[in-house]
Every structure is written in C-alpha cells, then in structure tokens.
Asker: 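Here's a structure for you.
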Amino acid sequence: MDFELTETQRLVEETARRFASERLAPRAAEMERQEQIDPALLRELGELGLMAVNVPESLGGAGAGAVAYALAMMEIARGCASTAVTMAVVNMVAEVLVRFGDEAQRARYVPRLARGEMLGAFALSEPDAGSDPASLRTVARRDGDGWRLDGSKQWISHGDTAGLLVVWARTGEAGSRGLSCFLVEGGAPGLVVSRLEDKMGLRASHTAALQLDGVRVPGEAMLGAPGDGFRIAMTALDGGRIGIGAQAIGIAQAAFEAMTRYARERVQFGVPIAEHQAVQWMIADSRVDRDAARLLVLRAAWLKERGVPFTREASMAKLVATEAAWRIVNRAVQVHGGYGYIREYPVERHLRDARVTQIYEGTSEIQRLVIARSLLRG
Ligand code: COS
C-alpha cells in the first residue's frame, strides 16, 4: 500500500494544475458565455501532453499512465469543466485506437490527437439508444470493398469539430453482438451536424446531434473485427468513467475552494459565516466527500494501470465521485446564499456543470447496475 505519487504523476498533476489556474480558470466564465472553447487552449493541452496522458510516447502520448491521467483530469476540470470534457473524450478516443486499432490506424490518428491538432469524438449514443447502446439502429452495409453508414447519433461531444469520429453501427444480428466500430473523418460526405444542443452546463463544449446519410468509409476504417463493437465501447467506457469521476472531483474542488473563501469573507451576525457551525459542517462534509471520491477514482485508475479488471471499480468511482460532486456544489451554492444563485459568482456555473456527470458515460443507475451485476454473477 502506497499513497505517494510517483515523480511522473506529480509532474503531470503540477503541469495540469498550473495550466488550469493560469490559462483556464480566468477564462472559463467568458468561454461559457461565448459557447466556445478557445481552440488555442486545446492545442496547448496537446503540447503539454494532456490530450494523450496514458498513450505511449512512441505514438506521441505522455506515456504517464492512468493514475496520472486521473490526476490531470481533476486539475483541468477545476479550471474549466468544458475543456475537461473535451480532454476526456480525446484521451478516450486515443486510448481506444491504441488498444484496438491496427498499426496504420494508430499511426494515422493517434499522434495528431495527442498533439491537440485534431479532436476525437465518440459517437455511440442515439436518440433511442442511450443507456442501452446494444439497441442502436445506425447501420453499416457493405458497399464494394468498404461500408456505407446510415443513421443518427445523439449527445456527441464536439461532434461538429472533431477530425475523427469513432462511430458504432450495426453490421449483423440484433443486440450487442451485431455491432461494429468505424473510424469516420470529420467532414466526410453525408455526415451532417443536425443540431447543437442548448445545454444546462458545460456550455463552452459543443454537443452535437449527427445524421449519417450514406457516409462511405473504406474497409480499413473498421476498428477491430465485425461484431467487436460492443466490447470496444464497453472497454472504452470503463476507462472513460474514471475520467468523468475525476472531472466531477475537479468541478467539486473548484466549488469547494469558492465556498471556503466566501465563508471566511462573508460576515453575518458580526462574524465570518465560517465561524457558524452549520457552515463548518458543510465544509467538513464536502472535504470528506471529496477525499472519499478521490481515493475510489485513484484506485480504479491504479487497477487499470496494472492491467487487471476494473469495470466494477470504475463504476463505483464514477458513482461516488459524481454524487459527491453534486452534494459539494449544492452546499457551495447554499453557503453563498443569494450570491450563489447569480452568474457573478462561479458556484452557479459549477452546479450546472456538475449535474451532467451523473448522467453521461452511464447514469448513476447504470453504474449501480454494473456494480450489482458484477457482485451477483457466478
Ligand atoms: N468490458 C468488456 N466487455 C463487456 C463489458 C465490459 N465492461 N461489459 C459487458 N461486456 C460484454 C459482455 O461480456 C457480453 O459479452 P458476450 O456477448 O460475449 O457475452 C456483452 O458485452 C454484452 O454484455 P451485457 O449482456 O452485460 O450487455 P447489456 O446490453 O446488458 O448492457 C450495460 C450492459 C448496461 C453495462 C451497458 O449497456 C452500458 O454500459 N450501458 C450504458 C451505456 C453508456 O454509458 N452510455 C453513455 C455513453 S456516453 S459516450
């Protein structure tokens, strides 16, 4: 048992912390108003190695491992939650390619994703297939030596600006065994952005609905073999859930810092409200929540790094971290009173940004289902 970070992990965390404090946090509110992350910041993330933290250096990644990735994600989300979700998806796509791509697919895309030159998107969900991706209806039909994709996708983070989309489509039987996975380049003929969602939070990050009308891809655009799609998606989501747990902790940390700062400054009944026990309890409970969540997230990342199964632990981490984050941001708003309900103070944004972490990459209910099934199996 060792709770010490390695030198590499500390360095990655410190790099992300500095970037988040100096470059992201000062601009997070403005980028939310503009509904746009400054593309220059995304390139800088790439230059710092944060778009492919757990990707081998030979492919342009930082080669720093899954724990370092979780630590970096917490820091980036503390600075700007919208930027963090972009970083999460790009890292997930890069890792999927490393794990399931052939040599040509890796060489073509991973270095560019790692450098922040290209964003990757994860196009699994559909209007009628969210928690149940095995029911998705996008189809891929043989077309000469390639494939033709038709269908619609929903909730695709930066689906409008991604240079590479990992797209799931049905190539065979109904259910999870009939799905395959394809690499589709942004701007492919027939790939249409049908809508950008008007969201509660993460407003600087675009969420697209996409239409695929006869999108043609070559045979070598398939990731893995026909029928591998569901397993690829589930493997990617296992890792992705660690990332979203870490994102939730980062958002909660920003809210926690705002709450403690405000509690020391705000005077009521003649004393800073931090001296009132009701406020102290909220601060104490929030720190306990944060540390418990952080330990579960780091445990899941540590298991992943060791190459042992971590599906259940990733779901536990995401469940606890995102529910904890919601309690923390809610307390932060409460401590701010009326000032917590207006845009002038950041906790209002943190509350809106945190909410989706309990929904995307598997709802809290899906995490409980994964945990329970793994405990009851066999
Ligand atoms: N890793 C690898 N393989 C996995 C897996 C995992 N974590 N989870 C399931 N599989 C495999 C199973 O072993 C099974 O394989 P076989 O067909 O060889 O037996 C197959 O996938 C089907 O598994 P299962 O029957 O458990 O699938 P279900 O349709 O019941 O779905 C859940 C399982 C609910 C876990 C899955 O649908 C899920 O995660 N849903 C949420 C999706 C989600 O997070 N969406 C948000 C996307 S945001 S980008």
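Whatever order the structure lists them in is the order used to number ligands and atoms, beginning at 1. None of the values given here were measured: they were computed from a predicted structure.
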Asker: Quick one: does G362 get an N or O within less than 3.5 Å of an N or O on ligand 1?
Answerer: yes
Asker: Quick one: nearest non-hydrogen protein atom to atom 18 (O) of ligand 1, plus distance?
Answerer: R177 NH2, 3.4 Å
Asker: Any Lys/Arg nitrogen of R203 or D353 sitting under 4.0 Å from an Asp/Glu carboxylate oxygen of the other?
Answerer: no
Asker: Going by distance only, is there an N or O of Y360 that falls short of 3.5 Å from an N or O of ligand 1?
Answerer: no
Asker: Considering non-hydrogen atoms of the protein only, which is the closest contact for atom 49 (S) of ligand 1, and what is the distance?
Answerer: F122 CD2, 3.5 Å
Asker: For atom 7 (N) of ligand 1, grab the closest protein heavy atom and report residue, atom and distance to one decimal in Å.
Answerer: D238 OD2, 3.0 Å
Asker: A317: which residues meet the side-chain contact (heavy atoms from CB on, under 4.5 Å) condition with it, sequence neighbours left out?
Answerer: L296, V297, A300
Asker: Return the residue, atom name and 0.1 Å-rounded distance of the protein heavy atom closest to atom 8 (N) of ligand 1.
Answerer: M234 CG, 3.7 Å
Asker: Using a 3.5 Å cut-off on N or O atoms only, is R373 in polar contact with ligand 1?
Answerer: yes
Asker: To the nearest 0.1 Å, how far is atom 40 (N) of ligand 1 from its closest protein heavy atom, and which atom is that?
Answerer: S131 O, 2.8 Å
Asker: Under 4.0 Å between a Lys/Arg side-chain N and an Asp/Glu carboxylate O for E30 and R343?
Answerer: no
Asker: Run the side-chain donor-acceptor check on residues 44-55: report pairs under 3.5 Å with partners two or more places apart or on a different chain.
Answerer:
residue, atom, partner, partner atom, Å
E44, OE1, R23, NE, 3.0
E44, OE1, R23, NH2, 3.4
E44, OE2, R23, NH2, 2.5
N54, ND2, E95, OE1, 3.3
N54, ND2, E95, OE2, 3.4

Asker: Measure from atom 42 (C) of ligand 1 to every heavy atom in P309, G130, S157, S374 and give the option owning the shortest one.
Answerer: G130
